[in-house]
Every structure is written in structure tokens, then in C-alpha cells.
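For reference, the structure discussed in these notes is given below.
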Amino acid sequence: MIKNKLFRFFIFLIVLVLLSVFLNSQFAFFKRTAPQILVSDTIYTNLKTPLIVRVKDNSSPIKNVKITLRKDNDNTSIVLADEKNIDKTDINLQITLPKLAYQEKTKFYILDIQANNSNLFNFLMPNTAKKQMVVVIDEVSPAVKILSSSYQIEKGGAASVVFQANDENLDKVFIQTNTGKIFKVQPFIKEGYYAALVAWNVKDENFNASIIAQDKAGNISKQALKYFLLNRNYRVSTINLTDTFLNGKIKTLSKQYDQNDSNFTHFENFKFVNETLRLANEELIYKITSQIDEEKIENFDLNLFLPLKNSQKVADFADHRFYSYNGQAVSSSYHMGIDLASTAKAPIISNNKAKVVFAEENGIYGLSAILYHGFGIYTLYSHCSSLNVSQGDKIEAQSVIAKTGVSGLALGDHLHFGVLIQGIETRPEQWQDRKWIENSITKVLDKGKKIILNEDK
Ligand SMILES: [Zn+2]
């Protein structure tokens with residue numbers, strides 16, 4: 001009798017185990033899945049904010065989570081969290097590391113995380129997930145030191161800097177201005193050293209900029225660039241719009257780029273071309289010229305940019321133009337480059353080697369080429385009648401890249417020439433001045449290089 005009962009119970013157990021195994025192997029719902037512990041393998045912390053440990057389970061509620069902290073090569077551990085009967089499928093646990101940890105001057109800890117769920121069908125074997133993560137404690141901010149820099153920056157002009165940024169866990173380094181513009185920096189000579197060109201946007205009244213270095217634990221250092229600020233006044237012009245102009249180029253461009261222009265008045269056509277279309281064209285130029293590679297710079301030299309032989313300047317950089325028609329103010333814009341004119345269809349030369357990053361039509365700028373010369377420097381050539389280059393070409397110094405013309409918003413045959421630093425238009429004459437290039441770039445890089453290499457000895 002007793003034997004029989006025991007036997008039946010034994011059979012019952014076997015059936016139950018087989019059923020459990022069968023269900024687990026056949027149906028997703030019953031499948032034996034452990035919770036997921038969603039944390040990275042390594043985390044950097046400055047102990048100012050708690051660590052977040054996320055545990056998720058797609059099949060059944062999470063039951064227990066236990067988190068312990070230990071030193072590497074040490075078996076004694078501290079329990080940081082021991083949550084029981086959680087009964088949720090997705091939780092975020094905030095873990096505060098003991099301050100004591102840092103006082104011990106230990107830089108690495110191991111966090112052991114263990115979680116299990118309450119899947120009824122696995123009562124014989126709990127579904128347990130385990131994960132180990134390395135916690136790196138770093139409360140030291142990056143060390144930033146300026147090694148050399150331009151003496152001054154002119155409104156509408158460029159300047160350079162060479163600096164050192166050191167941190168065991170450095171994450172990012174960049175330069176940010178008072179208006180929020182971010183200039184990327186490039187590795188210079190060897191690890192831990194950087195160089196950059198920055199520019200004072202002529203449309204901004206003031207300029208200041210800081211090097212920002214941030215490590216993986218979130219510690220931030222800020223070091224201001226100390227340039228002497230040289231204000232410069234730019235021309236303000238008033239231009240009376242003529243019917244010939246409005247019925248000619250303006251109407252053509254408005255028709256070409258705006259489908260809804262049929263009901264436009266003269267004014268609306270002009271506003272569309274001078275404001276809406278200009279903005280779109282300049283946004284494209286900004287997008288193309290604000291990207292830079294972060295290749296290491298070893299040497300940098302530049303020839304003067306003299307794109308058009310025997311030419312005359314016919315329009316100034318940053319000329320603030322106010323347009324009126326029969327005495328009524330219509331629109332305004334900035335002329336962000338210089339206009340150079342010689343003979344019609346004159347050859348345009350790039351005095352510096354470059355990569356062609358743009359070679360096509362661009363609205364009011366007409367047929368245009370944009371070249372990248374390295375170190376964040378781009379040049380723009382607009383209103384061309386033809387281009388000798390295609391996007392992606394690599395050209396040598398002194399190459400003829402295009403011919404001047406009247407494409408886009410140009411009345412007479414001329415070249416619109418611009419020099420941009422990471423998307424910011426600068427006064428082209430600076431780049432046609434040997435002394436300025438030497439003082440503002442070449443000497444700054446040379447001095448920085450000397451300091452960096454002497455520090456080796
Ligand atoms: Zn122009």
C-alpha cells in the first residue's frame with residue numbers, strides 16, 4: 001500500500017519534470033529565459049551621480065536582484081542592493097557607491113549583478129542571470145594647457161591655438177564659442193596634443209571661446225582662449241532695385257527654384273531669392289564646410305589664395321546690403337565673400353592643393369566649387385561658367401579649377417570667392433596676406449611643435 005503510494009508519487013514527479021522540460025522546449029511562453037541585465041561591461045564614474053542598473057524580463061516578472069561590490073583579486077564584497085519579491089518586468093535600480101571606495105585609492109571595482117525571475121514552470125531550476133561589470137572611479141578632471149596661440153582675432157577673421165589635454169579616460173575635446181558654435185580640434189604631433197583654427201563670425205558682436213575637455217566619468221575642464229579682440233567695421237550699403245534687375249535675374253531664379261511664384265509680386269520674388277533661397281544655399285555651404293577629418297597634423301603650410309590673375313575686387317566681404325525699391329525698404333543680406341573680376345570666362349586657380357567636396361549648381365551662388373585644404377579650411381568659388389573638377393577629385397596646387405561667369409545671382413562676369421573655417425566665412429584678404437598667415441598660423445604651429453618635442457628630452 002505504502003509502496004504503491006510512493007511509486008505513484010514518483011511517477012507523478014517524473015511526469016511533472018518531463019512536462020516542464022517539454023513545455024520549456026516547445027513554447028516561447030514557457031521557455032526558460034533568464035532576465036536581461038542591461039549594463040555596459042565598463043562604466044566610468046566620478047561618484048557624483050548614482051549608477052543605473054536596468055533589469056528587464058520579457059517572459060515573466062523579475063523576482064530578486066542582488067548587487068555586490070568587490071575589489072579585483074579580493075573576495076570580500078559589500079552588498080549594495082538586495083531587492084526581493086520585485087514582481088516587475090522592467091526596473092531601474094539606482095546604485096550609490098560607498099564614498100569609502102575612493103578613499104581606499106582603488107581605481108577599479110567589480111560589480112556583480114545577479115537577477116532571477118519567477119517563472120512557475122521552472123520551479124526546479126530558477127532562471128538566473130549573472131553579469132559582471134568593471135567600475136572605474138575617476139574624480140580627476142582633464143588637464144588642459146595652452147602651448148601657443150595667435151595674439152589676436154579680428155571680427156570676421158580666424159586665429160589658431162595649440163594645446164595639451166591629458167586625462168586617463170579622455171572622452172572628447174573641442175572648442176566652443178559664446179554663441180555655441182563648436183570647432184573641432186585635430187590631434188597635433190603626438191598623443192595628448194591638439195591644434196585648431198577658430199573664427200569670429202562677422203555677424204556676432206562679441207567673441208570668446210573655450211577649450212572643453214571631458215572624460216568618460218563626466219569630469220569637465222574649461223580653458224578660455226585669450227585672444228586680443230580686434231574690432232573691425234564693415235561696409236553698410238543701400239542698393240536701389242531696378243526694374244531691369246527684378247525682371248531679369250530675380251525673375252529667372254525665382255521661377256527656377258520656387259514652384260509657387262506665379263502670383264508673386266516683384267518684391268515677393270526678390271524676398272524669395274534674397275532671403276529664402278539664399279538661406280537654403282548658405283545652409284548647404286555651411287553643412288559641407290563644417291565637417292573636418294580628425295587626422296593628425298604634423299606639418300601645415302599654405303600658399304596665398306590668389307584665385308584670379310590680374311583681377312580687381314568689385315565687392316567687399318561682409319558688406320551689409322539694404323535693398324530698397326522706389327525709396328521703400330525691401331530686404332537685406334550680408335555679402336559673405338569678395339567679388340573679383342577680370343576678363344569674361346577667366347581661369348580660376350587654386351593656389352593650394354585640395355580635395356573637391358562640392359562641384360555643382362547652388363541657387364544664387366550659381367555653378368560652384370568648394371575645396372577642402374585641411375585644418376578646417378575651405379574655399380568657395382561661385383558664379384562659374386564651367387568647372388574643370390568633379391566632387392571627390394584631389395587637385396594639386398596651382399590647378400585651374402573653373403572659369404568665371406554669370407551663373408546664379410550675378411550681373412557681370414566675376415568670381416565670388418570665400419574662405420570658410422569649419423563653416424564660418426572669414427575675410428578672404430587675411431588669406432592673401434603672407435604676414436598674417438605666418439603670425440596667425442605658421443608660427444603658432446611651429447612654436448607649439450617645438451614645445452611638444454622639447455618636452456620629450
Ligand atoms: Zn559675391
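Counting starts at 1 for both ligands and their atoms, in listed order.
- Side-chain contact between I292 and Y372 is present, with at least one heavy-atom pair separated by less than 4.5 Å.
- The Zn ion (ligand 1) has H416 among its coordinating residues (N/O/S atom, backbone or side chain, under 2.8 Å).
- Between the Zn ion (ligand 1) and H335 there is an N/O/S contact shorter than 2.8 Å.
- Closest N/O/S atom of D339 to the Zn ion (ligand 1): OD1.
- In this view, F272 satisfies the ring-ring contact (aromatic ring centres under 6.0 Å, His included) rule with no residue, not counting sequence neighbours.
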Throw together a table of side-chain donor-acceptor distances under 3.5 angstrom for residues 395-410, partners on residues two or more places apart or in other chains.
{"unit_1": "Q398", "atom_1": "OE1", "unit_2": "N351", "atom_2": "ND2", "d": "3.2"}
{"unit_1": "Q398", "atom_1": "NE2", "unit_2": "N351", "atom_2": "O", "d": "3.4"}
{"unit_1": "S399", "atom_1": "OG", "unit_2": "E396", "atom_2": "N", "d": "3.4"}
{"unit_1": "S399", "atom_1": "OG", "unit_2": "E396", "atom_2": "O", "d": "2.5"}
{"unit_1": "T404", "atom_1": "OG1", "unit_2": "K345", "atom_2": "N", "d": "3.2"}
{"unit_1": "T404", "atom_1": "OG1", "unit_2": "A346", "atom_2": "N", "d": "2.9"}
{"unit_1": "T404", "atom_1": "OG1", "unit_2": "D413", "atom_2": "OD1", "d": "2.6"}
{"unit_1": "S407", "atom_1": "OG", "unit_2": "L367", "atom_2": "N", "d": "2.9"}
{"unit_1": "S407", "atom_1": "OG", "unit_2": "C384", "atom_2": "N", "d": "3.3"}
{"unit_1": "S407", "atom_1": "OG", "unit_2": "C384", "atom_2": "O", "d": "2.7"}

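- Interatomic distance, H266 NE2 to N326 CG, rounded to the nearest 0.5 Å: 10.0 Å.
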